[in-house]
2 protein chains.
Amino acid sequence: MADIIDGKIFAESLRAGIAAEVATLAFTPGLAVVLVGDDPASKVYVANKARQTVEVGMRSFEHRLPAETTQADLLALVQALNADAAVHGILVQLPLPKHLNTEAIIAAISPAKDVDGLTVTNAGLLANGLPGLVPCTPLGCILLLQDRLGDMTGLNAVVVGRSNLVGKPIAQLLLQQNCTVTIAHSKTRNLDQICKTADILIAAVGRSELIKGNWIKPGATVIDVGINRVPAAEPGKTKLVGDVAFSEAVQVAGIITPVPGGVGPMTIACLLRNALTAAKRIETTLEKELS
Amino acid sequence: MADIIDGKIFAESLRAGIAAEVATLAFTPGLAVVLVGDDPASKVYVANKARQTVEVGMRSFEHRLPAETTQADLLALVQALNADAAVHGILVQLPLPKHLNTEAIIAAISPAKDVDGLTVTNAGLLANGLPGLVPCTPLGCILLLQDRLGDMTGLNAVVVGRSNLVGKPIAQLLLQQNCTVTIAHSKTRNLDQICKTADILIAAVGRSELIKGNWIKPGATVIDVGINRVPAAEPGKTKLVGDVAFSEAVQVAGIITPVPGGVGPMTIACLLRNALTAAKRIETTLEKELS
């Protein structure tokens, strides 16, 4: 039976560490969240973010705009937040209403405050191994792996999925950890055999229980990023499952994250960590400019 | 015996295609090359670039600065070239003299004119699959592969080497071609076995003849980016060899590039292609802004 990672406990200890560091700072990091429209899931998520931001001692700025907000008004808000010295991190909650150009909005966020790591600049910094801001879910996966495995040098890592938000950044981070990294995806042949070479297997493809127990190398570490809603046994009900067939995989893997309760709870904690990183860099740069 | 790719002939046909397209344009693309100091190899290379630029019908601007040029003067030149409407591509010849900050100079180049694809912005565009400018050697490798293999969907590609300039961009490009991509490097275990899984093997590690014939899957396509100078049989003489033990590999591979005469001759041709791409994008953007 694999060791099952409790992402909730790990996230709690991560937040405790952030709170302890925030308490030592001479300034208060500020995180701004922008929510356009009334999507119920987004509203719950934004409320959780705001609560956890305050709990670690940061300032939370919430901007709730009506669904009919224009591109120009949203851009103007982003630019005002870029210029606001009390704001160190800016998160625009996605998805935006369809009449808005998401790419242009993301591009308007100052890379130094881009705590979701979505800008082209932060993707380029990650690709070139330079300090930037890394998307939250990939960062969460690496923190879990570092905690459990320590030095990953020479391990074979297989990432299933090549999205800009998850698969590709995770591959870059695993490469920085000196793993040999394979990126597999929907066009990959013999995916089962490729998965079986993995000491570290990351599933980030968004297909429920695609990866079977017999695709996993015995003792491997399996990180399941997928969150798929599927019909439950009880008629009319649904449940969440990952990209890995957990009940089989847990028999083979050495370490595994469950869904829910694995990677998911790490996301907000990593957002707060990015906000702290951004705040420290911005304030250090300001100090240098003033001295 | 493998089919041996003649990079010189391929580069000639690429340049002929560029010249034909330049002849149809309503404007003349301009490529500026900046050379600081007197490095003899760089001088030869820059002279070749200038000649080939003119041969395809573009304007060549050469800026030769003394070795003692200051950071401020070089930055001022880059900024002037950024602002010069006749210049569509800017190449600062590397390596720069040691007293100059290469990273800051590269960062000053307008991403739209960065024909070497070295800026963080172009690395980010490549990582996110958006149109940018791709480093010349990786672009050359992909053009050779497309010419020989056509559709690469589902092929296993192994890239040995993870530099920002070659290995990592090639991996991104192979992923765009729907290959399953493995990035191996100096910390990789069982490199021979990993190489043997490759339908496409890219050697970009800078270690002479590291990759042996029996590491290669029969029929694989082998692209050797390495250029290593080693002692020749004749005392006191040297010769160039690649990262692949060519005499062995040519017996096993299906298609292979030699060193010299494989990927090398593609680099300037790809630079000209990037200059053409940059010029067309810049002029199209200007037209849109004026209309």
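Chain letters run A, B, ... following the sequence lines, proteins first and then strands; every chain starts at 1. Because only heavy atoms are used, hydrogens play no part in the values below, and waters and symmetry mates are left out as well, while side chains stay in.
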For a side chain to side chain contact (heavy atoms under 4.5 Å, CB included) check, start with the C-alpha distance between B:Gln172 and A:Gln172, then their side-chain angles and the critical distance, and finish with the verdict. CA-CA 11 Å; B:Gln172 296 281 4; A:Gln172 296 281 3; 3.2 Å; yes
Using atom types as modelled and distance alone, determine if a side-chain donor or acceptor of A:Arg189 lies under 3.5 Å from a backbone N or O of B:Thr153.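 It does hold such a pair.
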Are B:Thr180 and A:Ile183 side-chain neighbours, meaning at least one heavy-atom pair lies under 4.5 Å?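 Side-chain contact under 4.5 Å: no.
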Per-residue contact mode, A:Leu174 against chain B (heavy atom under 4.5 angstrom):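 A:Leu174 has no heavy atom closer than 4.5 Å to chain B.
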So which heavy atom on B:Leu125 is nearest to which on A:Val120, and how close?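 Nearest pair, atom of B:Leu125 first, then A:Val120: N-CG1, 3.6 Å.
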Take atom NZ in B:Lys187; do more than 12 heavy atoms of anything else shown fall under 6.0 Å from it?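 Open.
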Heavy atoms from other residues, nucleotides or ligands near CD1 of B:Ile227 exceed 12 (cutoff 6.0 Å):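 Check fails, neighbour count at 12 or below.
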Among residues 91-117 of chain B, which ones touch chain A with a heavy-atom distance under 4.5 Å?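 Listed by number, the contacting residues are B:Glu103.
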Out of curiosity, A:Thr188 OG1 to B:Asn156 CG, how far, rounded to the nearest 0.5 Å?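 It comes to 7.5 Å.
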Side-chain donor-acceptor pairs of residues 161-171 of chain A under 3.5 Å, sequence neighbours excluded:
{"from": "A:Arg162", "atom 1": "NH1", "to": "B:Leu175", "atom 2": "O", "distance (Å)": "2.8"}
{"from": "A:Arg162", "atom 1": "NH1", "to": "B:Asn178", "atom 2": "OD1", "distance (Å)": "3.0"}
{"from": "A:Arg162", "atom 1": "NH2", "to": "B:Asn178", "atom 2": "OD1", "distance (Å)": "2.8"}
{"from": "A:Ser163", "atom 1": "OG", "to": "A:Val166", "atom 2": "N", "distance (Å)": "3.0"}
{"from": "A:Ser163", "atom 1": "OG", "to": "A:Gly167", "atom 2": "N", "distance (Å)": "3.3"}
{"from": "A:Asn164", "atom 1": "OD1", "to": "A:Lys168", "atom 2": "NZ", "distance (Å)": "3.0"}
{"from": "A:Asn164", "atom 1": "ND2", "to": "B:Asn128", "atom 2": "O", "distance (Å)": "3.0"}
{"from": "A:Lys168", "atom 1": "NZ", "to": "B:Ala127", "atom 2": "O", "distance (Å)": "2.7"}

So which part of B:Leu191 gets closer than 4.5 Å to some heavy atom of chain A, the side chain, the backbone, both or neither?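 Neither part.
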